Amino acid sequence: LECIPLDENLQQMQQGMVMRKVKSRSWKKQRYFMLQDDCMTIWYKSRKTGNAKSACECHLPAEGHSPHLPTQAWTPMPPDSCFGHRTRPMVSLVVPASALAFPLNPKADKNRDGRMNFKEVQHLLKMMNVDMDEHHAFRLFQMADKSESGTLEGEEFVLFYKALTQRDEVLSVFQEFSEDGKKLTLLEFVDFLQQEQMEGEGVEELAMELIAKYEPSETAKARHVLSIDGFLAYLCSPDGCIFNPTHKTLFQDMSQPLCHYFISSSHNTYLIEDQLRGQSSIEGYIRALKRGCRCLEVDCWDGPNGEPIVYHGHTFTSKIPFREVISTLEKYAFQASEYPVVLSLENHCSMEQQDVMAQQLKGILGEQLLTTTIDGRVPARMPSPEELKGKILLKGKRLGSLEDALSGEPEEKSKPSLSKELSDCIVYCKSVSFHSFQHSQSHYRLYEMSSFAEAKARKLIREAGNEFVRHNAWQLTRIYPSGMRTDSSNYNPQEMWNVGCQMVALNFQTAGAEMDLYDGLFNQNGSCGYVLKPGFLRDVETPFSPESLPQSNPLYLAIQVISGQQLPKVVNSKEGSIVDPLVRVEIHGVPADTSKQETKYIDNNGFNPQWGETLRFRVQVPELALLRFKVEDYDKTSRNDFVGQFTLPLSSVKRGYRHIHLLSKDGTAIPPASLFVHVQITELSESD
């Protein structure tokens, strides 16, 4: 913030300059880029046509964070010389470090003298999404103008910014527990952690740990006291986040059968656009695997020169070699999670190319590919994620049964349409046709599984919800989007999770509320791609269905939406426009729990809006509930615009005063945008 004088590199970036666009170790190309007036948008020039191409919105790395640079070994580049494409995390741009010294728009300093008069400060506030009362802004300006020169420079601007960003609502909480209003003693901080944050055992040790971690003053640290700066740093940190930090790590039992887990699953993983003309790319697999996805789909067809290809059959989508997909899987399968990957094969190949598929799977994946049961015996139950660590399982059709194969019995005598070599690679995920739940119970084995289009699944939920729950307690089920979703849109995954469906496959390339829920569920448990289902969804004798609630303890949830901090402007909004933010809080769960409430909107303040409203919910089945916070820009004449969101399991919510760090539409962080809330959760008795 001290770098108010316009940096010559920033000037050069606004005039246009050559930067390196980096996708991988080998893909580094120079392009001509031009930074736009908002210091957030970049136009680039096509080398082929020389024409300006559409803009991309970029972001600078927050302090202490690195941009999404490729992880492969390459020429080291300092993080402060790089920034990333907000909607394409695989891309980074590399520029001179000094060009990024001051991220605020340099055009606020109209006369380029390195000082800011009050009119220029007003212009800067507009750019920062603040429509502040002129008299209040002028009072802050005068307070900071220690030299009484009528302008701010250097430390004076820092003083102005600190006054601007002072968090009165946090100060109020601080002073409620501080006897002298200036510091929290160790005992006062312990009281706060116990009474408001509802921290349990070992709270005194926790208090000392947090002081050591977040108090900036060495003197205060030595005395085990917390200043207002340290208190705010704690509240803005992962320890003060609404998401329970222990749930960010692997904390669930991973030794139960596969069918007892929700499994992160992707539909038509190779597509990165629509279903008819979109591009097929191994990038789809890389992105899904890096998000912790554990069930991928591949559509295989006969290709030229005896090589199978992958694409969406009978469409104009592009094609990629099957070999490339498997090589990508071998490389990235276990980077984000060590737990098993299921590769769902849609096999449309001839016998000859099926043999080629089997050879490539075995040759490339080697020991990673599971080709027999883990103990060489017929399974009495499905193996666990723990037992299958580092293994890739194939889902598809199989000749005969595992029992026959393991006992050496001859398989089907009729002429098969399936390659025996490929068939033998199908172990725990044999695809079978579904007739009825009763038929599955009497005719199918636990290692067999069925897939349902979303409409069929909804029909079964309506007509036989309890049977569906019981079925999913012993056998795997995969759900996939309707073929009518040619735009790669998604269905609501929550209704499928409500009956225990494990592999609820979505189009990962399509951002929106559905993927927000998906990320919200799977961001827990170390983002490993497996989430243990509630006990009543793992019991084959369960009486549960989404309409008949289990014997669980309902909760009363009260969320006070206090304030927002530095909310971003709406993408492509008019110059000078400022958001009118409101907060919508949504519960996603069983039908009886699904609801939403919202605050009033605040006129023209995206910088530090204050709501102070409490929204109340009753949740009957908290084990299945997801909590979603969505910030919108109110518009009385048209649909509200999206500003940011955050979704998490209700079971992962921390009580007390918490910050919610907002995400963009595509799920990437947009620091420092956040909400400040107070959460109260109370267990209700049957009489309540």
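If you read the sequence from its start, that first residue is 1, and numbering goes on from there. Since the structure is predicted, the reported quantities are computational estimates derived from the model, not experimental observations.
If you look at Tyr530 and Phe262, their ring centroids are not closer than 6.0 Å. Taking the centre of each ring, Phe174 and Phe192 stay at or above the 6.0 Å mark. Taking the six-membered ring wherever Trp is involved, the centroid distance between the rings of Phe251 and His247 falls below 6.0 Å. Taking the six-membered ring for Trp and the full ring otherwise, Phe629 and Phe646 have centroids separated by 6.0 Å or more.
In summary, the side chains of Glu169 and Ser563 do present a donor paired with an acceptor at a separation below 3.5 Å, with no hydrogens or angles considered. Thr668 and Asp666 share a side-chain donor-acceptor pair at under 3.5 Å. Looking at Gln166 and Asp168, their side chains do bring a donor and an acceptor atom within 3.5 Å of each other. Counting only N and O atoms by type, the side chains of Glu586 and His588 include a donor and acceptor under 3.5 Å apart. Using modelled atom types and a 3.5 Å distance limit, the side chains of Arg294 and Tyr339 yield no donor-acceptor pair. In this model, a donor atom of one side chain and an acceptor atom of the other lie less than 3.5 Å apart for Asp145 and Ser147. Donor-acceptor pairing under 3.5 Å is recorded for the side chains of Ser674 and Gln565. Side chains of Arg655 and Gln197: no donor on one and acceptor on the other come within 3.5 Å. Side-chain N/O atoms of Tyr214 and Asp239 include a donor and acceptor closer than 3.5 Å. Side chain to side chain, Gln645 and Thr647 meet the donor-acceptor criterion of an N or O pair below 3.5 Å.
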Step-by-step salt bridge (charged side-chain N to carboxylate O under 4.0 Å, His left out) determination, Lys146 to Glu156: CA-CA 7 Å; Lys146 299 298 185 183; Glu156 291 178 332; over 6 Å; no
Step-by-step salt bridge (charged side-chain N to carboxylate O under 4.0 Å, His left out) determination, Lys389 to Glu387: CA-CA 6 Å; Lys389 267 185 181 178; Glu387 291 171 312; over 6 Å; no
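Under the 3.5 Å distance criterion, the side-chain polar atoms of Asp516 are left unmatched by any main-chain donor or acceptor of Arg628. Although no hydrogens or angles enter the test, the distance criterion places no donor-acceptor pair under 3.5 Å between the side chain of Ser652 and the main chain of Leu648. A donor-acceptor pair under 3.5 Å links the side-chain atoms of Trp611 to the main chain of Lys600, judged by distance alone.
Remark: Lys213 is not positioned above the aromatic ring of Tyr234, lacking an NZ or CZ atom under 6.0 angstrom from the ring centre and at most 45 degrees off the axis.
A search for side chain to side chain contact (heavy atoms under 4.5 Å, CB included) contacts involving Lys182 returns Asp180, not counting sequence neighbours. Residues satisfying the salt bridge (charged side-chain N to carboxylate O under 4.0 Å, His left out) criterion with Arg291, sequence neighbours excluded, are Asp519. With sequence neighbours excluded, no residue satisfies salt bridge (charged side-chain N to carboxylate O under 4.0 Å, His left out) with Glu204.
A heavy-atom distance below 4.5 Å is found between the side chains of Asn525 and Met254.
Salt bridge annotation for Glu215-Lys221: absent, with no cationic side-chain nitrogen under 4.0 angstrom from a carboxylate oxygen.
For Lys248, the NZ atom counts as densely surrounded, since its 6.0 Å shell holds more than 12 non-hydrogen atoms of other residues, nucleotides or ligands.
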